Amino acid sequence: MRREGLIHLRRVLPVLMIATLAGGAAEKSTFTDIEHWRKAFARPDHTPEPSDNLTTPEKVKLGAALFEDTRLSGTGNISCSSCHQADLSFSDGVDRHTGLDGNPLDRRTPPLWNMAWGLSWFWDGRAATIEAQAAGPIENQREMAGNLEHAIKTLGSDPLMQKSFATAFPEDPAVTRANLMKAIAAFERTLVSPETRFDQWVKGDDKALDADELAGFSLFIGKAGCVSCHQGWRFTDEAFHDIGLPSGDRGRGPILGVSAADHAFKTPSLRERVWTAPYMHDGSLATFEDVVDHYAQGIVKRPTLSADLPQRIDLSEKERAQLVAFLNTLSSEDPPRPASLPPKTMVWGAPAQAVSTTIVSQRDRRFSPGAILLKLGEALRILNDDTRTHNVRVDSANMSFNSDGQNPGDTVTLGFDQPGHYDIICGIHPEMRLSVDVASATAR
Ligand code: HEC
Ligand code: HEC
């Protein structure tokens with residue numbers, strides 16, 4: 001009974017709220033209003049690609065490898081993924097990454113989801129194509145301190161790279177600057193954020209969001225005014241706005257030579273932002289709560305403030321919490337890992353010296369075999385050949401290990417340097433148990 005009542009409430013709530021929102025237009029069919037917002041936030045059915053750089057599996061594979069290749073940096077130890085870390089939705093968890101000169105970079109590392117739909121790149125939009133963007137960090141003396149001509153020579157002398165470039169670019173089979181940019185860009189276009197609960201709601205599932213989340217959405221498109229800039233399924237208008245952060249960075253202004261655009265930055269997408277704190281171009285706001293407080297009461301008044309920014313928003317504590325609850329629905333439940341990235345290999349202990357390695361499967365939420373007897377010096381490899389994300393954990397006197405999300409394809413390799421009994425479980429599916437006994441090397 002109670003459950004039915006709740007579901008019923010969830011069905012009518014959006015109708016009520018949107019009717020309130022629409023204000024004067026309340027006599028319009030409220031059903032149409034919901035359909036209007038569902039359409040406004042519907043995801044596209046394909047990823048755009050430029051005709052001069054079509055996305056092919058060969059280019060994507062090469063681009064994914066280059067994204068992790070430290071040979072692109074002048075110092076030989078920095079890759080794109082040093083800052084754009086897959087586990088953090090391609091950001092880095094800090095307000096501003098420390099540059100090669102030991103000082104923080106000017107701006108925060110932005111996440112890289114849904115770049116394919118962009119109109120300009122960087123916080124100030126100074127790159128006009130994704131292809132052109134990649135040269136920026138490679139040659140920036142504080143980021144990768146690389147020299148593209150030099151990097152091209154180094155990669156060009158690697159037979160494996162020669163082969164990968166030739167396969168990816170059959171019409172122009174050479175390791176060139178243009179092909180390098182194209183491959184990285186093709187890989188970046190595959191970074192599409194997956195559907196979340198909000199998308200289920202957009203597709204018509206009224207129960208996908210709870211009452212607070214829907215109330216938050218209603219504020220987002222209503223009195224809080226967020227939708228003026230955070231529009232469409234990616235939640236950005238791709239335009240530049242000054243939202244009154246105290247930072248002295250002039251953003252878009254100097255790029256255009258137009259002082260009216262000072263302090264304006266590109267509206268960021270809000271997809272998968274649960275994983276990408278801290279926020280804003282300078283990483284100055286630590287949480288969604290801080291962001292909402294900024295809009296409600298922290299705006300620095302300046303002549304350049306965006307005309308799309310509400311002058312004054314009154315939000316109660318409850319309403320602020322509802323907005324945050326809504327923002328959370330735009331992120332996956334676990335950090336998503338794009339299929340175009342090579343599988344992750346995690347290593348713990350000292351398995352490199354192991355004389356032999358036993359492989360355990362995780363198919364259908366089961367460690368198989370479920371019990372293993374190893375000798376000291378032998379290693380164990382746990383392969384996620386399941387369709388689900390797992391979380392391998394060992395908590396014993398001699399070993400404490402946590403794999404974080406272990407996605408399909410990822411492997412965890414454990415080396416044991418103490419004899420004894422080890423219980424291994426999956427934190428997400430605790431019914432999965434693997435019992436490991438390690439006998440001392442001489443024991444038979
Ligand atoms: C040292 C850290 C660092 C490294 C290494 C790095 N980036 Fe970035 N990346 C940043 C920062 C910081 C920004 C924002 C700079 C700005 O807007 O002025 C950025 C911006 C970007 C953007 C623009 C995103 C947007 O929303 O407009 C893309 C795309 C990107 N990087 C891709 C790459 C690629 C590809 C590589 C490797 C070739 C790379 N980055 C290497 C820190 C890094
Ligand atoms: C006038 C346009 C505009 C409005 C209105 C607006 N935003 Fe923003 N939003 C931006 C811009 C621009 C940034 C980046 C600003 C910067 O870094 O200097 C941003 C940043 C954010 C961020 C941080 C994202 C990240 O990855 O750093 C969040 C979260 C956010 N806004 C949520 C909201 C919410 C919630 C509302 C409504 C209360 C709202 N925004 C209203 C333009 C807007």
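Quantities reported herein were computed from a predicted structural model and do not represent experimental measurements.
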Please assess E35 against R38 for the test salt bridge (charged side-chain N to carboxylate O under 4.0 Å, His left out), listing each intermediate value before the final yes or no.
CA-CA 5 Å; E35 289 312 304; R38 281 187 156 140; 3.7 Å; yes
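- You'll find the side chain of V324 reaches within 4.5 Å of the side chain of N328, heavy atoms only.
- The closest side-chain heavy-atom distance from K344 to D87 is below 4.5 Å.
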Passes side chain to side chain donor-acceptor pair (under 3.5 Å), D385 versus S361? Steps please.
CA-CA 6 Å; D385 49 358; S361 143; 3.0 Å; yes
Verdict with reasoning, K203 to R43, per side-chain contact (heavy atoms from CB on, under 4.5 Å):
CA-CA 9 Å; K203 290 204 286 192; R43 295 174 67 108; over 6 Å; no
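- Using modelled atom types, one finds a donor on one side chain and an acceptor on the other under 3.5 Å when comparing N407 with T389.
- If you check the side chains of T267 and D237, you find a donor sitting under 3.5 Å from an acceptor.
- Judged purely by atom type and a 3.5 angstrom limit, S331 uses its side chain to pair as donor or acceptor with the backbone of R273.
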Check against side-chain contact (heavy atoms from CB on, under 4.5 Å), V360 and I424
CA-CA 12 Å; V360 169; I424 300 182; over 6 Å; no
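- Under the 3.5 Å distance criterion, the side-chain polar atoms of D95 are left unmatched by any main-chain donor or acceptor of G283.
- Around the NZ atom of K301, the shell of radius 6.0 Å holds more than 12 heavy atoms that belong to other residues, nucleotides or ligands.
- Counting heavy atoms from C-beta on, the side chains of T154 and H150 come closer than 4.5 Å.
- Distance check: L327 CG to Y279 OH gives 8.5 Å after rounding to the nearest 0.5 Å.
- Heavy atoms of other residues, nucleotides or ligands lying less than 6.0 angstrom from CZ of R302 number more than 12.
- At a cut-off of 3.5 Å, with distance as the only test, no side-chain donor of D308 or S228 sits close to an acceptor on the other residue.
- To the nearest 0.5 angstrom, R252 atom CZ is 10.5 Å from R126 atom CZ.
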Let's go through S79 and D69 carefully: what are the C-alpha distance in whole Å and the side-chain angles of both, what is the deciding distance for side-chain contact (heavy atoms from CB on, under 4.5 Å) to 0.1 Å, and is it a yes or a no?
CA-CA 5 Å; S79 68; D69 199 320; 5.8 Å; no
Just do the salt bridge (charged side-chain N to carboxylate O under 4.0 Å, His left out) check on R320 and E289 with the steps written out, would you?
CA-CA 7 Å; R320 291 182 198 196; E289 284 79 4; over 6 Å; no
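- Among residues two or more places apart in sequence or in another chain, the salt bridge (Lys or Arg N to Asp or Glu O under 4.0 Å) test is passed with E431 by R365.
- Take R381 and apply the salt bridge (Lys or Arg N to Asp or Glu O under 4.0 Å) test, not counting sequence neighbours, and it matches no residue.
- Of the options E188, M181, K182, a side-chain contact (heavy atoms from CB on, under 4.5 Å) to I130 is made by E188 and by none of the others.
- Of the residues D92, D282, D249, the one that meets the salt bridge (Lys or Arg N to Asp or Glu O under 4.0 Å) test with R107 is D249.
- Contact detail for S193 and E272: the closest heavy-atom pair is CB-CG, 3.8 Å.
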Go through the steps to decide whether T109 and F90 satisfy the test side-chain contact (heavy atoms from CB on, under 4.5 Å), and finish with yes or no.
CA-CA 8 Å; T109 304; F90 301 96; over 6 Å; no
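- A distance-only check finds no donor-acceptor pair linking the side chain of D172 to the backbone of N179 [under 3.5 Å].
- A 4.5 Å side-chain heavy-atom check between R142 and D106 finds at least one atom pair inside the cut-off.
- Not one N or O on the side chain of S218 forms a donor-acceptor pair closer than 3.5 Å with the backbone of L214.
- Put simply, CG on L383 and OG1 on T413 are 9.5 Å apart, with the number rounded to the nearest 0.5 Å.
- Nearest heavy-atom pair, P335 versus W275, reported as atom, atom and distance to 0.1 Å: N-CZ2, 3.5 Å.
- Within the 3.5 Å criterion, the main-chain N or O of P268 finds a donor-acceptor partner in the side chain of H230.
- Closest approach of Y295 and I313 over heavy atoms only: O-CD1, 3.6 Å.
- Looking at S269, its side chain does come within 3.5 Å of a backbone N or O of R234 through a donor-acceptor pair.
- The aromatic rings of W348 and F401 lie tilted to each other, with the angle between the two planes from 30° to 60°.
- Counted by atom type alone, S340 and T190 present one or more donor-acceptor pairs between their side chains at under 3.5 Å.
- Using a distance-only test at 3.5 Å, with no hydrogens or angles considered, no donor-acceptor pair links the side chain of D364 to the main chain of R366.
- Remark: side-chain polar atoms of E68 are not paired, donor with acceptor, to backbone N or O of L66 under 3.5 angstrom.
- Between the side chain of E238 and the backbone N or O of L119 there is at least one donor-acceptor pair closer than 3.5 Å.
- Relative ring orientation between F217 and W201 is described as perpendicular, the plane-to-plane angle rising above 60° on a 0-90° scale split at 30° and 60°.
- Here the side chains of E319 and D314 are not in contact, with every heavy-atom distance at 4.5 Å or above.
- In this structure, the separation between CG on L305 and CG on D242 is 5.0 Å, given to the nearest 0.5 Å.
- Evaluated for a ring pair (Phe, Tyr, Trp, His ring centres under 6.0 Å) with F220, the options F235, W37, F198 yield exactly one hit, F235.
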One pair to check against salt bridge (charged side-chain N to carboxylate O under 4.0 Å, His left out): R271 and D199. What are the steps and the verdict?
CA-CA 11 Å; R271 290 277 177 180; D199 301 291; 2.8 Å; yes
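- Surrounding CZ of R388 are more than 12 heavy atoms belonging to other residues, nucleotides or ligands, all under 6.0 Å away.
- Rounding to the nearest 0.5 angstrom, the gap separating the CH2 atom in W121 from the CG atom in L112 is 12.0 Å.
- Scanning both residues, A185 and N53, for their nearest heavy atoms gives CB-ND2, 4.1 Å.
- You'll find the side chain of K266 stays beyond 4.5 Å of the side chain of H281, heavy atoms only.
- Between the side chain of Q231 and the main chain of T236, no donor-acceptor pair closer than 3.5 Å is present.
- For K61, the NZ atom counts as loosely surrounded, since its 6.0 Å shell holds 12 or fewer non-hydrogen atoms of other residues, nucleotides or ligands.
- Distance check, rounded to the nearest 0.5 Å: CZ of F240 to CD1 of I255 gives 9.0 Å.
- When all heavy atoms of W113 and P336 are compared, the closest pair comes out as CZ2-CG, 3.7 Å.
- Here the closest heavy-atom approach between residue P111 and residue R108 is recorded as CD-NH2, 3.5 Å.
- Taking 4.5 Å as the limit, some side-chain heavy atom of C226 sits within range of a side-chain heavy atom of L323.
- Using a 4.5 Å cut-off on side-chain heavy atoms (C-beta onward), R197 and D205 make no contact.
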